[in-house]
4 protein chains.
Amino acid sequence: MKILITGFNPFGEESINPAFEAVKLLPETIEAAQIVKLEIPTEFKKAGKVLQEGIEINQPNVVVCIGQAGGRSAITPEKVAINLMDGRIPDNAGYQPFDTPVQEDGPTAYFSSLPVKAMVEAIREDGIPSFLSYTAGTYVCNYLMYELLYLIDHQYPQIKGGFIHVPFMTEQVVNKPNGTPSMDLETIAKGLEKAIEAIVKNDEDIQLHMGETH
Amino acid sequence: MKILITGFNPFGEESINPAFEAVKLLPETIEAAQIVKLEIPTEFKKAGKVLQEGIEINQPNVVVCIGQAGGRSAITPEKVAINLMDGRIPDNAGYQPFDTPVQEDGPTAYFSSLPVKAMVEAIREDGIPSFLSYTAGTYVCNYLMYELLYLIDHQYPQIKGGFIHVPFMTEQVVNKPNGTPSMDLETIAKGLEKAIEAIVKNDEDIQLHMGETH
Amino acid sequence: MKILITGFNPFGEESINPAFEAVKLLPETIEAAQIVKLEIPTEFKKAGKVLQEGIEINQPNVVVCIGQAGGRSAITPEKVAINLMDGRIPDNAGYQPFDTPVQEDGPTAYFSSLPVKAMVEAIREDGIPSFLSYTAGTYVCNYLMYELLYLIDHQYPQIKGGFIHVPFMTEQVVNKPNGTPSMDLETIAKGLEKAIEAIVKNDEDIQLHMGETH
Amino acid sequence: MKILITGFNPFGEESINPAFEAVKLLPETIEAAQIVKLEIPTEFKKAGKVLQEGIEINQPNVVVCIGQAGGRSAITPEKVAINLMDGRIPDNAGYQPFDTPVQEDGPTAYFSSLPVKAMVEAIREDGIPSFLSYTAGTYVCNYLMYELLYLIDHQYPQIKGGFIHVPFMTEQVVNKPNGTPSMDLETIAKGLEKAIEAIVKNDEDIQLHMGETH
């Protein structure tokens, strides 16, 4: 099995992005699956192209994209991507869309085809906080997850794909307001490794309540 | 114009639900539109039936469903409902689904057909905190919003519909952990009134960035 | 009985201070006690002078100073004032001390002489969130509370005095980050009224655990 | 130079306490100062006795006590200890005092005699979040800090002493509510090491604003 793991480069006011930093720390194989790593630019249009090239070149069985969700306290596999781009800040190319579909002819949303609950459980069993998330936002992260699932839907039906958001790494919050959660980079990387192990081991997701109370 | 406003009854450990309490405080007409109020049970299956009956009987032009999102600090119109039921707690009938679609033959998600950004702006202009939300959760609130938009899609294409989440009312957080946000019931009701005004006044949504940074 | 209630004017980036706004809404008498209201400048040195003049002129039996603690979700009577001035921002006169005692010859701290636990309970019984706080900060609020208790210690031993912090009022958080708690101005005023009732009714504080878990 | 570092054992619902776990990870010498480690029971009366015995036996130049402040996101040197015991939960011996002074004849509060701002800066320079705290709570942590400074005041005037609170370690929050901040145990230990370096290097504290905005 070959797994393509992508991570974004820094954006906004950050000089580092824990997403690709953590990806770089992953081993070359996890549970006998080959890990291929790819850095993705934080740009709405280019990100999708770079992802598609990565898929073309590597022909993976699974694609997992990683992004930063500053302010979250846990590693959060994403359940759903929506067909919408709306940026509170411009992307790294200065493009700031709003109310714009990712794909004009795409459905309103795609669910992840990864075993997201098994991933959450595997991360937690390793002593690392994890929750299932039902919003990937409206910025380049959600865009890339949607683009990935659209590509899978249209061109690569044999591939499984999804997205994982990670917290700020500890160094990033030194100058942020008191109370901002963070996670050690090594812990983020360990959590991602456990999530990938769960992907390799679980063809079907586990059956477990993991919903919200509203 | 006739607007049907629904609010849930209490659920979980709460003895009161600010959703219907606030709906009850709304005036009979807003910007010349007639307001019809309907209480909805916090039950996955029954809620949809009661909603559909309400639509049948009242034949409204607009349907706005209101629910409580405890822990939020602001009034949050919802952008999207997903085709998923996954409850962290059972509903009021003891039913606790997971990984279950709301409608077997429905799309993965529906976007609100209300002018959600105009609603957010109108609430804020009245001095009341409001943000656009991109997740309505996975409980009865998201279920009802999805059901409403599915009904509109299949039977009532002339109706516009959507959902607004409101915070805990102030009284509810007295015994909750220090730091839990809340809002006065009168302020919630005033915010809902402003949102409804925005619905009446805006056939199309306003053009404004209101996205996330992840 | 005569009670002097003070509230600060706006400071920092705020154009309004819920402290004196709430004080202005208080009735002229509470539980037969006469209420005298006094606005205090948010300046380290001048605040103490204005307070002392207010005490001289009015000869109150009780002094309660009110200040804003932005970010708190509840009305918080303060237990202790420390002999320290350390401002993260300058005061309204541009003075920004650090590591500076309020009174060179004063003790490290004073405890409030008000029945703080009875006040918390009275506010909560009215359905308004309240917690006992063990830090009044290091800015003009803590300074004024210390100054008040120093004055009482040295010149007015018959007076009882203390401080209450209140949250942002709802209007103030419209442009603050999503999640910032707030409270309606009328609710803040109602909570202060209940706290004052508790002061009038309780010569001694009630006996109740109200501590922290660390 | 000899430095005595203490850490509490687990309390409340926790089976581990990051305080002593982190202390155990400290090296035997830091900046040529000898590090002596001591575990302290989370009991109001016994903790003081164990601390005093530790001081008697080891005759340190500096004493730094470490405790857990669950919910904080950063390592927080404490500025002040108050003469008050008020527990929201019983201690490990079942004792739950309220409104009780630590020492009947003690002052209302003591300031830390450690260079707390230099400690905060040293921790931050290593990429680890740190803030100065102005409340050590009202539980066994504040009690022990007060007891230490009272002992220093009465019997060991040549010793410098103070307290540092640390966050939950990452493993502890796996089953806590989403949003609860934590820190890796190794990072906590590294932060404590940096704080101790700052103690060794700074006879006097650095001059810096580190106050609150209320």
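Letters go in sequence order (proteins before strands), and every chain restarts at 1. These figures come from a predicted structure and were not determined experimentally.
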Taking all non-hydrogen atoms of both residues into account, name the closest pair between C/Val63 and C/Leu114 and its distance. O-CD1, 4.4 Å
The interface call for B/Thr180 against chain C, heavy-atom contacts under 4.5 Å, is backbone
Between B/Asp126 and chain C, which part of the residue has a heavy atom less than 4.5 Å away: side chain, backbone, both or neither? neither
Counting heavy-atom pairs under 4.5 Å with chain C, which one of B/Gly127, B/Pro181, B/Gly71 comes out on top? B/Gly127
Compare every heavy atom of C/Lys37 with every heavy atom of C/Leu25, then report the nearest pair and how far apart it is. C-NZ, 4.5 Å
Is it possible for you to check whether B/Arg88 lies under 6.0 Å from the centre of the six-membered ring of B/Phe98, through NZ or CZ, and within 45° of that ring's axis? no
Part of B/Arg72 within contact of chain C (heavy atom distance under 4.5 Å): neither
B/Tyr146 ring center near B/Tyr110 ring center (under 6.0 Å): yes
